[in-house]
Amino acid sequence: MFTVILVSLALLLLVHCFWKKRKLPPGPWGLPIIGYLPWINPQAPHHTFAQLAKKYGPIYSLSLGSIQAIVLSDTKLIKTLFSKDVTTGRAPLYMTHGIMNGYGIICSEGDLWKDQRKLVTNWLRSIGCAKIGPHRRKMGELILKHANWLINSLLKTSTPIDPEDIFRHHLGSVINEIVFGTYYEMNNNQWMWLQNMQKVGTELIGIAAPLNFLPFLRFLPMFNRTMSFLIEGQIETHRFYQNLIDEEEKILWDRSRSSNLDTNRAYTSLLQGFLIEKEKRKGTDDVDKYYNDQQFYHLLADVFGAGLDTTLTTFRWFILFMSLNEDIQSEVQNEIRSVLNDRAPSMEDIEFMPVTEACIAETQRIRSVLPLGLPHGVSADFEINGYVIPKGAMVIPLQWAIHMNDKSYANPDIFNPKNFLDEQGRFVKNENFIPFQCGKRMCVGDELARMMLFIFGVSVLQKFHLEITDKKFVNLEGSPGITLTPKLFNVRFKPLDP
């Protein structure tokens with residue numbers, strides 16, 4: 001009798017599992033344990049996912065090791081799903097959750113994420129990273145200061161160079177100043193080390209990396225070395241942050257002793273803002289839950305790393321496409337001259353420079369910095385379009401497929417800023433354009449990125465003609481990591497006649 005009951009329960013379980021599988025969106029079968037991982041191109045995972053979208057449609061499912069993935073390549077579906085609280089979680093990827101443990105803003109969830117997102121949003125608005133506001137002009141001036149320093153660095157070059165390191169330093173200096181309240185000379189040892197950690201880390205932590213889905217691989221020598229590098233680097237980075245925190249705390253402590261600490265004033269850096277907010281909540285449970293040391297370190301790392309890597313990568317792609325399309329480059333420079341003449345750019349100019357804005361948008365389209373988007377996690381079962389999206393699933397917003405869809409963009413493989421210009425030459429945003437994603441976890445720093453790309457881009461094209469002599473050897477596929485970065489390229493920055 002007991003055996004009959006066990007067999008019956010097993011059959012019911014099998015029927016239940018089969019029913020749930022049948023209700024999942026369609027998709028390819030995979031192997032036990034490893035799922036579809038062997039068929040994903042590690043050099044271009046976005047191409048693999050895009051090809052599957054053509055076969056299975058705008059919503060499909062596949063197993064990636066221990067994780068059930070739901071892949072979306074339809075903008076309306078993404079906006080619908082990402083507007084729900086149930087999809088505001090983060091996918092349980094080992095390389096992020098296993099190292100970051102749910103801290104920061106990128107990997108945090110629930111009440112911690114809500115609190116820290118509000119903190120970061122208010123901080124960005126207070127320093128002028130908003131479409132309107134009293135401090136927007138001041139933020140534009142800060143960005144312009146570093147853009148001018150970039151121009152001075154480029155004026156010292158006379159032969160073609162790979163501009164990655166120069167761009168990283170000057171764009172990174174903006175991020176340093178607003179996140180940490182300081183910046184460094186280009187050859188500063190600590191700054192050079194931090195740049196290298198950020199660069200290598202983004203290359204190693206890709207969301208398609210097999211270790212994300214098969215955590216037991218960390219015991220293999222090749223993956224063990226990767227994990228050791230990331231964990232040791234994290235420890236060293238946190239020590240670096242703690243030194244900055246100690247310096248700022250001393251300043252705030254001195255102010256508080258002289259009765260000059262105003263916890264309601266606008267703060268100039270994220271580091272300072274976190275400390276002031278922590279002081280305001282002193283004596284509450286919030287300090288232990290939301291304002292502990294580990295959260296502080298990871299938040300600084302997230303905002304610094306995400307802010308620098310995505311903006312730097314987009315800017316490198318922009319310079320590359322401007323160099324390869326000299327006729328479009330000339331059109332942008334004519335627009336810059338007609339609007340600015342010899343004066344420096346400001347964010348007020350963007351509405352009068354539609355071609356320039358369109359070129360930046362086209363760069364974000366043709367080379368999505370996050371081709372697989374930032375995956376979301378599902379906190380409870382729910383249904384959409386007749387399919388079950390199960391609890392614990394990873395939802396991938398496939399930006400590459402959306403931005404390269406020939407139904408939305410004619411000849412999507414060709415760089416064409418007219419994709420964002422109407423018949424009157426005015427800038428228009430295509431509804432199938434989501435470079436900063438959408439929904440409740442949309443990129444919090446989208447306006448800062450727009451400001452930096454515009455001011456840096458106009459500043460460079462106002463002063464230089466960009467040339468690549470061996471265009472046929474330029475590789476436009478990119479290197480996958482957290483972001484899709486350009487392969488190394490050399491460009492000559494030829495000063496324009498005054």
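It should be emphasised that the depicted structure is a prediction, and the values quoted were computed from it without experimental measurement. For the single chain, residues carry numbers from 1 onward in sequence order.
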(Q) What I want to find out is whether Glu447 reaches Arg125 closely enough, with some N-O distance under 4.0 Å, to be called a salt bridge. (A)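 No, this pair does not count.
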
(Q) Phe167 and ring pair (Phe, Tyr, Trp, His ring centres under 6.0 Å): which single residue from Phe315, Phe456, Phe489, Trp317 fits? (A)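 In the set Phe315, Phe456, Phe489, Trp317, the residue that makes a ring pair (Phe, Tyr, Trp, His ring centres under 6.0 Å) with Phe167 is Phe315.
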
Q.
So, applying ring pair (Phe, Tyr, Trp, His ring centres under 6.0 Å) with Phe180, which one of Phe274, Trp191, Phe304 is it?
A.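 Option passing the ring pair (Phe, Tyr, Trp, His ring centres under 6.0 Å) with Phe180: Phe304.
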
Does [X] reach the main-chain N or O of [Y] with its side chain, forming a donor-acceptor pair under 3.5 Å?
{"X": "Glu164", "Y": "Leu488", "answer": "no"}
{"X": "Asn411", "Y": "Ile414", "answer": "no"}
{"X": "Asn419", "Y": "Asn416", "answer": "yes"}
{"X": "Gln295", "Y": "Gly104", "answer": "yes"}
{"X": "Asp302", "Y": "Ile106", "answer": "yes"}
{"X": "Asn292", "Y": "Asp288", "answer": "yes"}
{"X": "Ser61", "Y": "Pro25", "answer": "yes"}
{"X": "Arg90", "Y": "Pro375", "answer": "yes"}
{"X": "Arg136", "Y": "Ala130", "answer": "yes"}

Q: Assess whether side-chain contact (heavy atoms from CB on, under 4.5 Å) is satisfied between Thr310 and Thr483, documenting all intermediate values.
A: CA-CA 7 Å; Thr310 54; Thr483 54; 4.2 Å; yes

Could you tell me which non-hydrogen atom of [X] sits nearest to which non-hydrogen atom of [Y], and how far apart they are?
{"X": "Arg365", "Y": "His403", "value": "NH1-O, 2.7 Å"}
{"X": "Gln68", "Y": "Ser63", "value": "OE1-OG, 3.6 Å"}
{"X": "Pro371", "Y": "Ser368", "value": "CD-O, 3.3 Å"}
{"X": "Thr313", "Y": "Pro486", "value": "CG2-CD, 4.0 Å"}

Q.
Using side-chain contact (heavy atoms from CB on, under 4.5 Å), reason through Leu220 and Asn224 one step at a time and then give a plain yes or no.
A. CA-CA 6 Å; Leu220 298 179; Asn224 184 265; over 6 Å; no

Q. Just wondering, are more than 12 heavy atoms of other shown residues or ligands nearer than 6.0 Å to NZ in Lys76?
A.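 Counting neighbours around NZ of Lys76, 12 or fewer heavy atoms of other residues, nucleotides or ligands fall under 6.0 Å, so no.
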
Q. Counting only heavy atoms not in Asp285, do more than 12 fall under 6.0 Å of its CG?
A.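 No, the 6.0 Å shell around CG holds no more than 12 heavy atoms from other groups.
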
Is there side-chain contact between [X] and [Y], with heavy atoms separated by less than 4.5 Å?
{"X": "Asn101", "Y": "Gln294", "value": "no"}
{"X": "Val395", "Y": "Leu72", "value": "yes"}
{"X": "Lys487", "Y": "Ser479", "value": "yes"}
{"X": "Leu484", "Y": "Val369", "value": "no"}
{"X": "Leu300", "Y": "Leu271", "value": "yes"}
{"X": "Ser126", "Y": "His135", "value": "no"}
{"X": "Ser66", "Y": "Leu214", "value": "no"}
{"X": "Leu119", "Y": "Ile105", "value": "no"}

Q. Looking at residues at least two apart in the chain, or sitting in another chain, which of them share a ring pair (Phe, Tyr, Trp, His ring centres under 6.0 Å) with Tyr60?
A.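 Residues passing ring pair (Phe, Tyr, Trp, His ring centres under 6.0 Å) with Tyr60: none at all.
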
Q | Contacts of Tyr409 that satisfy ring pair (Phe, Tyr, Trp, His ring centres under 6.0 Å) - sequence neighbours left out | A |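 Tyr409: no ring pair (Phe, Tyr, Trp, His ring centres under 6.0 Å) contacts found.
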
**Q.** No-hydrogen, no-angle side-chain donor-acceptor test under 3.5 Å, Tyr297 and Gln242
**A.**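 Short answer, yes.
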
(Q) Under a plain distance cut-off of 3.5 Å, with no hydrogens placed, do Thr87 and His376 share a side-chain donor-acceptor pair? (A)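 No, because no side-chain N or O of His376 sits under 3.5 Å from a partner of the opposite role on Thr87.
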
(Q) Which residues pass the side-chain contact (heavy atoms from CB on, under 4.5 Å) test with Asn325, not counting sequence neighbours? (A)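 Only Phe321, Asp327, Ile328, Phe415 meet the side-chain contact (heavy atoms from CB on, under 4.5 Å) criterion with Asn325.
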
(Q) Run the side-chain contact (heavy atoms from CB on, under 4.5 Å) test against Val287 and tell me which residues pass, sequence neighbours left out. (A)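 So Val287 forms a side-chain contact (heavy atoms from CB on, under 4.5 Å) with Lys278, Arg281, Thr284.
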
Q. Which residue, Arg239, Glu232, His238, forms the side chain to side chain contact (heavy atoms under 4.5 Å, CB included) with Glu236?
A.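 By the side chain to side chain contact (heavy atoms under 4.5 Å, CB included) criterion, Glu236 pairs with just one of Arg239, Glu232, His238: Arg239.
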
Q: For the pair Val378 and Leu81, evaluate side-chain contact (heavy atoms from CB on, under 4.5 Å) and give the outcome as yes or no after the intermediate values.
A: CA-CA 10 Å; Val378 178; Leu81 262 68; over 6 Å; no

Interatomic spacing from [atom1] in [X] to [atom2] in [Y] - rounded to 0.5 Å:
{"X": "Leu476", "Y": "Leu320", "atom1": "CG", "atom2": "CG", "answer": "5.5 Å"}
{"X": "Thr314", "Y": "Ile360", "atom1": "OG1", "atom2": "CD1", "answer": "10.0 Å"}
{"X": "Leu211", "Y": "Leu93", "atom1": "CG", "atom2": "CG", "answer": "10.5 Å"}
{"X": "Thr363", "Y": "Met322", "atom1": "OG1", "atom2": "CE", "answer": "6.0 Å"}
{"X": "Ser108", "Y": "Leu299", "atom1": "OG", "atom2": "CG", "answer": "8.5 Å"}
{"X": "Gln51", "Y": "Tyr56", "atom1": "CD", "atom2": "OH", "answer": "12.0 Å"}

Show me the donor-acceptor pairs within less than 3.5 Å that the side chains of residues 172-179 make with the rest of the protein, sequence neighbours left out.
unit_1: Ser173; atom_1: OG; unit_2: His169; atom_2: O; d: 2.7
unit_1: Glu177; atom_1: OE1; unit_2: Lys145; atom_2: NZ; d: 3.3
unit_1: Glu177; atom_1: OE1; unit_2: His146; atom_2: NE2; d: 2.7
unit_1: Glu177; atom_1: OE2; unit_2: Lys145; atom_2: NZ; d: 3.2

Donor-acceptor contacts, no H, no angles, side chain residues 32-48, under 3.5 Å, sequence neighbours left out:
unit_1: Asn41; atom_1: OD1; unit_2: Gln43; atom_2: N; d: 2.9
unit_1: His47; atom_1: NE2; unit_2: Glu477; atom_2: OE1; d: 3.1
unit_1: Thr48; atom_1: OG1; unit_2: Asn41; atom_2: N; d: 3.0

Q: Mind running side-chain hydrogen bond (donor to acceptor under 3.5 Å, both in side chains) on Gln234 and His298 for me, showing each step along the way?
A: CA-CA 9 Å; Gln234 182 187 65; His298 284 85; 3.3 Å; yes

Q) Does the ring centre of Phe433 sit less than 6.0 Å away from the ring centre of Phe420? A)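 Ring centres of Phe433 and Phe420 closer than 6.0 Å.
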
(Q) Run Gln116 and Tyr290 through side-chain contact (heavy atoms from CB on, under 4.5 Å) and show every step you take. (A) CA-CA 7 Å; Gln116 296 296 285; Tyr290 308 141; 3.9 Å; yes

Q: Check the pair Tyr291 / Asp115 against side-chain hydrogen bond (donor to acceptor under 3.5 Å, both in side chains), numbers first and verdict last.
A: CA-CA 10 Å; Tyr291 292 87; Asp115 183 277; 3.0 Å; yes

Q.
Asp422 vs Arg426, test: salt bridge (charged side-chain N to carboxylate O under 4.0 Å, His left out). Steps then yes/no.
A. CA-CA 5 Å; Asp422 64 15; Arg426 295 172 299 197; 2.9 Å; yes

